[in-house]
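See below for the structure under consideration.
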Number of protein chains: 2
Amino acid sequence: MRRDIFQAIADPTRRAILVLIAVQAMTPNALAEHFDTTRQAVSRHLKILTECRLITAKHQGREIYYELEINKMKEIDGWLEQFRTIWESRFNELDKVLETLKKNQ
Amino acid sequence: MRRDIFQAIADPTRRAILVLIAVQAMTPNALAEHFDTTRQAVSRHLKILTECRLITAKHQGREIYYELEINKMKEIDGWLEQFRTIWESRFNELDKVLETLKKNQ
DNA sequence: AATTTGCGAAACCAATTAGTTGCATTTAAA
DNA sequence: TTTAAATGCAACTAATTGGTTTCGCAAATT
């Protein structure tokens, strides 16, 4: 049972759930209405998202509102960070080239 | 055969390949040395990464150097963008609260 | 008290995945 | 020209995944 954020966001339904929940906390039933699957299937996705701490359950009577853990989302951003330095440094090198061209004009 | 960037980066080996290649283009053999699997297995990962355009193959004699397509990596960043506005706006709301508190002191 | 509603868990199933071994092909080297 | 190296591809296998149906439980509603 590999359960990490990257495996969690690999599924398109789970990504959609995250986007929906980002706007507003929602119950499994409310979420299921947005998809062409059963509530139980959505529930399983919610379980997976909960297990890797991307969302948390807030019990309210017999309803359960799932809300986004925005800080966990930042971990994906964190992984991208190492590539960001690369794509920025490539821009920097382009800058250098442009500057050299300018100088030689 | 669902083949998108999110499914591609779901596998830890593929993520590691991306990081290695980010530093420097590499051949399948060179890459395989970093993992506890066969070269063929690495080759399949490279195929998947190639199919979703995260890497490209540069033939050089009988060797094939795979290099990162940094622009494709930005698509992940693009998806995160919608959440980034949220986590920034939450900071803003916190700012508002702090400001109100200050005013009422 | 009986019923309905909202939910998760278990059992099952088809499809996908990641790995292996065993090839075939192309290029360099002896 | 024979041989070795670098690679991709196909067939097979075990594990995982995402879905469904059925069930049980707890909280509202009647």
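Residue numbers begin at 1 in each chain, while the letters A, B, ... track the order of the sequences. Here the structure is a predicted model, which means the values were calculated and not measured.
- Phosphate proximity of D:dT7 to B:Thr27: present, with a side-chain N or O under 4.0 Å from OP1 or OP2.
- Applying the side chain to side chain donor-acceptor pair (under 3.5 Å) rule to B:Lys72 yields the partners B:Glu75; only residues at least two apart in sequence or on another chain are considered.
- Considering only side-chain atoms of B:Ile48, the nucleotide from C:dA18, D:dC9, C:dG19 that sits closest is C:dA18.
- Legend: ring pair (Phe, Tyr, Trp, His ring centres under 6.0 Å) pairs involving residues 9-32 of chain A, not counting sequence neighbours: none detected.
- The side chain to side chain donor-acceptor pair (under 3.5 Å) search around A:Gln82 returns none, not counting sequence neighbours.
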Distances under 3.5 Å between nitrogen or oxygen atoms of protein and nucleotides 26-30 of chain D:
residue : atom : partner : partner atom : Å
D:dA27  : O3'  : A:Arg62 : N            : 3.4
D:dA27  : N3   : A:Arg62 : NH1          : 3.2

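- Counting only residues at least two apart or in different chains, ring pair (Phe, Tyr, Trp, His ring centres under 6.0 Å) contacts with residues 11-34 of chain A are absent.
- Residues satisfying the side-chain contact (heavy atoms from CB on, under 4.5 Å) criterion with A:Arg84, sequence neighbours excluded, are A:Asp77, A:Leu80, A:Glu81, A:Trp87, A:Glu88, B:Asp77, B:Arg84.
- A:Asn29 has a side-chain polar atom (N or O) that falls below the 4.0 Å cut-off from OP1 or OP2 of C:dC7.
- For the segment residues 33-44 of chain A, the set of residues with a heavy atom within less than 4.0 Å of an atom of DNA chain C comprises A:Arg39, A:Gln40, A:Ser43, A:Arg44, in numerical order.
- Every residue meeting the side-chain contact (heavy atoms from CB on, under 4.5 Å) condition with B:Ala16, not counting sequence neighbours, appears here in chain and number order: B:Phe35.
- Note: B:Glu33 CD to B:Met26 CE = 7.5 Å, rounded to the nearest 0.5 Å.
- Pairs of residues two or more places apart, or lying in two chains, that qualify as ring pair (Phe, Tyr, Trp, His ring centres under 6.0 Å) and include a residue from residues 51-86 of chain B are B:Phe6-B:Trp79, B:Trp79-B:Phe83.
- For B:Tyr66, counting side-chain heavy atoms from C-beta on, the closest listed nucleotide (D:dG18, D:dG8, C:dT17) is D:dG8.
- What separates NE2 of B:His45 from P of D:dC9 is a distance of 15 Å, to the nearest Å.
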